[in-house]
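In what follows, a structure is listed as structure tokens, so that the remarks can point back to it.
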Amino acid sequence: MTAGAGTVALVTGATSGIGRAAAAKLAGDGHTVVVHGRDAARGLEVVDAIAADGGTARFVAADLSDPTDFSRFIADVGPVDVLVNNAGTAWFGPTADLDVATYDQLFNANVRPAYFLVAALAPKMVAQGSGSIINVGSMAGQIGMPGGAAYSATKAALASFTRSWAAEYSPSGVRVNTIAPGPVYTAVQPPEQTEAIGATTIFGRGAEVDEIAEVISFLASPKASYITGALYAVDGGRTAI
């Protein structure tokens, strides 16, 4: 799999934050990028920005938690060479304060779409003998965080998926890996919260989205040809200490 030779990369949740940065980086690497999101205006803004930088992208909207919309999305996207499972949501708070609807929303947004995207797209990668699947987890999936029981469980599920999918698909040339970012400056949480968590890392700061996108780019590239089933901590050393 060589970027620039007609390869297609799908990035879910690509209209902001890590997803947007990853879409821009992968387009810069030469992939044609499928930008996923729910908001068409934001999606087209990402596509236009990529085009302005000389890349190629298209936007496909979908609510991946809706089975009917999901099926239409798979048909619209077609085969891909790189899948970045980035879309998701977060909730932090006391365990007793989490209602059933929000709990279900976390798993429906963070876990189920990744599973069924791989189920739909990985067999096509197997058929061509190559592909790269990158799950965007979190350091929360590896360490105990107060108020993060449910969210952390969704991210731990992605790491577990990665190991099983590597065993299932990598003998056919499809690499599957997880990145586990630490605190990142995005719109998901106030900057002061990112700063506070960032202060607990070895580097003493949060990450910028481009720093996470660089690791996604590496794992999508032939430079990572001997890497599968791995979890890459991109957390400033937080889980090391």
Side-chain angles (χ1 to χ4, degrees), residues 11-28 35-39 41-43 45-46 49-50 64 84-98 102-103 105-111 113-114 134-159 162 177-220 230-241:
V11 183
T12 65
T15 58
S16 65
I18 292 172
R20 179 168 182 164
K25 176 60 180 170
L26 291 170
V35 173
H36 159 264
R38 297 190 186 191
D39 187 309
R42 291 170 64 190
E45 179 185 340
V46 176
I50 287 173
L64 297 180
V84 181
N85 282 316
N86 169 74
T89 188
W91 186 92
F92 287 89
T95 294
D97 290 352
L98 178 61
T102 305
Y103 176 94
Q105 181 185 14
L106 281 169
F107 280 84
N108 288 343
N110 296 2
V111 181
I134 301 156
N135 297 315
V136 180
S138 169
M139 74 176 190
Q142 316 308 314
I143 61 175
M145 297 186 71
Y151 172 75
S152 297
T154 67
K155 293 303 185 177
L158 293 179
T162 292
N177 294 287
T178 295
I179 66 164
V184 184
Y185 288 102
T186 70
V188 173
Q189 64 181 11
E192 57 269 21
Q193 291 184 9
T194 301
E195 290 171 5
I197 301 173
T200 70
T201 70
I202 292 175
F203 290 147
R205 65 173 179 85
E208 301 296 337
V209 290
D210 289 343
E211 294 178 290
I212 311 303
E214 288 287 349
V215 182
I216 293 173
S217 168
F218 166 69
L219 289 173
L231 186 147
Y232 268 63
V234 195
D235 60 10
R238 177 62 181 82
T239 52
I241 57 172

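Just so you know, residue 1 is the first one in the sequence shown, and it goes up from there.
- Take A180 and apply the side-chain contact (heavy atoms from CB on, under 4.5 Å) test, not counting sequence neighbours, and it matches L231.
- Partners of T154 according to the side-chain hydrogen bond (donor to acceptor under 3.5 Å, both in side chains) rule, which considers only residues two or more places apart in sequence or in another chain, are N110.
- For K25, the salt bridge (Lys or Arg N to Asp or Glu O under 4.0 Å) criterion is met by D29, E214, not counting sequence neighbours.
- For the pairing with L26, the side-chain contact (heavy atoms from CB on, under 4.5 Å) check across I50, I134, V84 returns one residue only, V84.
- With sequence neighbours excluded, no residue satisfies salt bridge (Lys or Arg N to Asp or Glu O under 4.0 Å) with E208.
- Listed by chain and number, the residues in a side-chain contact (heavy atoms from CB on, under 4.5 Å) with S152 are A140 (sequence neighbours excluded).
- Taking 4.5 Å as the limit, some side-chain heavy atom of M139 sits within range of a side-chain heavy atom of I197.
- Taking all atoms of both residues into account, the shortest heavy-atom contact from V46 to A14 is CG2-O, 3.7 Å.
- Across T95 and A149, no two heavy atoms sit closer than the pair OG1-CB, 4.0 Å.
- Annotation for A159 and T178: closest pair CA-OG1, 3.8 Å, computed over non-hydrogen atoms.
- In this structure, the side-chain contact (heavy atoms from CB on, under 4.5 Å) partners of A109, at least two apart in sequence or on a different chain, are T89.
- Considering only residues two or more places apart in sequence or on other chains, Q189 meets the side-chain hydrogen bond (donor to acceptor under 3.5 Å, both in side chains) condition with T194.
- A donor-acceptor contact shorter than 3.5 Å is absent between the side chain of H36 and the backbone of V11.
- Applying the ring pair (Phe, Tyr, Trp, His ring centres under 6.0 Å) criterion to Y185, with sequence neighbours excluded, gives no partner residue.
- Of all non-hydrogen atoms in A23 and V35, the two that sit nearest each other are CB-CG2, 4.4 Å.
- Nearest heavy-atom pair, G137 versus P181, reported as atom, atom and distance to 0.1 Å: O-CD, 3.3 Å.
- The shortest side-chain heavy-atom distance between P113 and T12 does not fall under the 4.5 Å cut-off.
- Legend: residues meeting side-chain contact (heavy atoms from CB on, under 4.5 Å) with F203, ordered by chain and number and at least two apart, are T201, R205.
- When the salt bridge (Lys or Arg N to Asp or Glu O under 4.0 Å) test is applied to E195, no partner is found at least two apart in sequence or on another chain.
- When all heavy atoms of D210 and A21 are compared, the closest pair comes out as OD1-CB, 3.7 Å.
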Between I212 and V136, is the side chain to side chain contact (heavy atoms under 4.5 Å, CB included) condition met? List the steps. CA-CA 10 Å; I212 311 303; V136 180; 5.7 Å; no
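- No more than 12 heavy atoms of other residues, nucleotides or ligands lie within 6.0 Å of OH in Y103, so this atom counts as exposed by the packing criterion.
- Remark: side-chain polar atoms of N135 are not paired, donor with acceptor, to backbone N or O of N85 under 3.5 angstrom.
- With hydrogens and angles left out, the side-chain atoms of T15 and D39 include no donor and acceptor closer than 3.5 Å.
- With hydrogens and angles ignored, the 3.5 Å screen pairs no side-chain donor or acceptor of S217 with any backbone N or O of A213.
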Check the pair I216 / I18 against side chain to side chain contact (heavy atoms under 4.5 Å, CB included), numbers first and verdict last. CA-CA 10 Å; I216 293 173; I18 292 172; 4.1 Å; yes
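- The ring pair (Phe, Tyr, Trp, His ring centres under 6.0 Å) test applied to F92 returns Y151, not counting sequence neighbours.
- Here side-chain hydrogen bond (donor to acceptor under 3.5 Å, both in side chains) pairs that include residues 230-239, with residues two or more places apart or in two chains, are T200-R238, D235-T239.
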I'd like to know whether D97 forms a side chain to side chain contact (heavy atoms under 4.5 Å, CB included) with W91, so could you lay out the CA-CA distance, the side-chain angles of the two residues, the decisive distance to 0.1 Å, and finally the verdict. CA-CA 11 Å; D97 290 352; W91 186 92; 4.2 Å; yes
